[in-house]
Participant: 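Got a structure for you, written out below as structure tokens; questions coming shortly.
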Amino acid sequence: MERGKDKVVLVPVPTGGGFAGAVEEDALAWACGADGEAVRGYFAAARAPFEAALQHRREEGMCHIFYRPTVEGFEASGEDGEVTELFASIDPAAFLAHRET
């Protein structure tokens with residue numbers, strides 16, 4: 001692996017053998033650099049979400065999981081938030097009838 005202060009390389013994450021072809025090649029990888037700031041800069045340049053808590057040391061250096069969307073225009077919804085309620089035993093017909101109880 002070529003080293004340099006700001007050099008970041010993508011290390012492919014292998015997919016499960018039972019799902020060959022289910023993921024576009026190189027869509028999921030570890031973005032690894034000499035230090036955390038190099039990785040953070042790579043994510044900023046790629047306009048990709050970066051979470052410091054997801055960064056950890058691997059043999060390639062400091063790494064953070066990197067996902068390249070393979071469907072044009074796809075991104076996680078900004079409305080995806082934390083789970084605040086749990087529903088159990090829901091009658092599916094209630095959705096069709098727009099019932100609240």
Side-chain angles (χ1 to χ4, degrees):
M1 177 166 122
E2 185 179 335
R3 284 283 175 208
K5 181 169 175 12
D6 296 327
K7 178 75 175 170
V8 171
V9 296
L10 297 179
V11 179
V13 172
T15 57
F19 301 99
V23 177
E24 189 172 320
E25 188 175 334
D26 296 334
L28 189 60
W30 290 106
C32 301
D35 58 38
E37 287 306 310
V39 176
R40 184 184 298 272
Y42 180 83
F43 275 71
R47 300 184 63 172
F50 178 88
E51 288 290 332
L54 295 178
Q55 189 171 233
H56 65 277
R57 184 157 298 284
R58 293 173 41 98
E59 70 179 58
E60 297 89 356
M62 285 304 290
C63 301
H64 188 293
I65 198 72
F66 183 80
Y67 171 70
R68 181 179 50 82
T70 55
V71 176
E72 188 174 330
F74 175 82
E75 61 181 56
S77 171
E79 296 175 1
D80 290 346
E82 63 184 55
V83 175
T84 59
E85 298 178 73
L86 178 64
F87 297 96
S89 301
I90 296 176
D91 177 10
F95 289 106
L96 295 173
H98 298 285
R99 289 193 316 245
E100 291 186 25
T101 58

Participant: Quick one: ring pair (Phe, Tyr, Trp, His ring centres under 6.0 Å) partners of Phe43, sequence neighbours excluded?
Facilitator: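 In terms of ring pair (Phe, Tyr, Trp, His ring centres under 6.0 Å), with neighbours along the sequence ignored, Phe43 is linked to Phe50, His64, Phe66.
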Participant: Looking at every heavy atom in both Cys32 and Val11, which two are closest together, and how far apart are they?
Facilitator: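 The answer is SG-CG2, 4.2 Å.
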Participant: Rounded to the nearest 0.5 Å, what separation is found between the CG atom of Asp35 and the CD atom of Gln55?
Facilitator: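 Rounded to the nearest 0.5 Å, the CG-CD separation comes out at 8.5 Å.
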Participant: Are side-chain heavy atoms of Ile65 and Trp30 found at a separation under 4.5 Å?
Facilitator: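 Answer yes - side chains close enough.
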Participant: I'd like to check Tyr67 versus Val13 (side-chain heavy atoms, cut-off strictly below 4.5 Å). Are they in contact?
Facilitator: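 Counting from C-beta outward, Tyr67 and Val13 never come under 4.5 Å.
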Participant: What pairs with Arg47 under side chain to side chain donor-acceptor pair (under 3.5 Å), at least two apart in sequence or on another chain?
Facilitator: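 In terms of side chain to side chain donor-acceptor pair (under 3.5 Å), with neighbours along the sequence ignored, Arg47 is linked to no residue.
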Participant: Taking all non-hydrogen atoms of both residues into account, name the closest pair between Leu10 and Ala29 and its distance.
Facilitator: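 Closest heavy-atom pair between Leu10 and Ala29: CB-CB, 4.1 Å.
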Participant: Write down the atom of Ala38, the atom of Val8, and the distance for their closest heavy-atom approach.
Facilitator: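 Smallest heavy-atom distance, with atoms named: O-CG2, 3.4 Å.
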Participant: Mind checking what makes salt bridge (Lys or Arg N to Asp or Glu O under 4.0 Å) contact with Arg57, not counting sequence neighbours?
Facilitator: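 Applying salt bridge (Lys or Arg N to Asp or Glu O under 4.0 Å) to Arg57 gives none.
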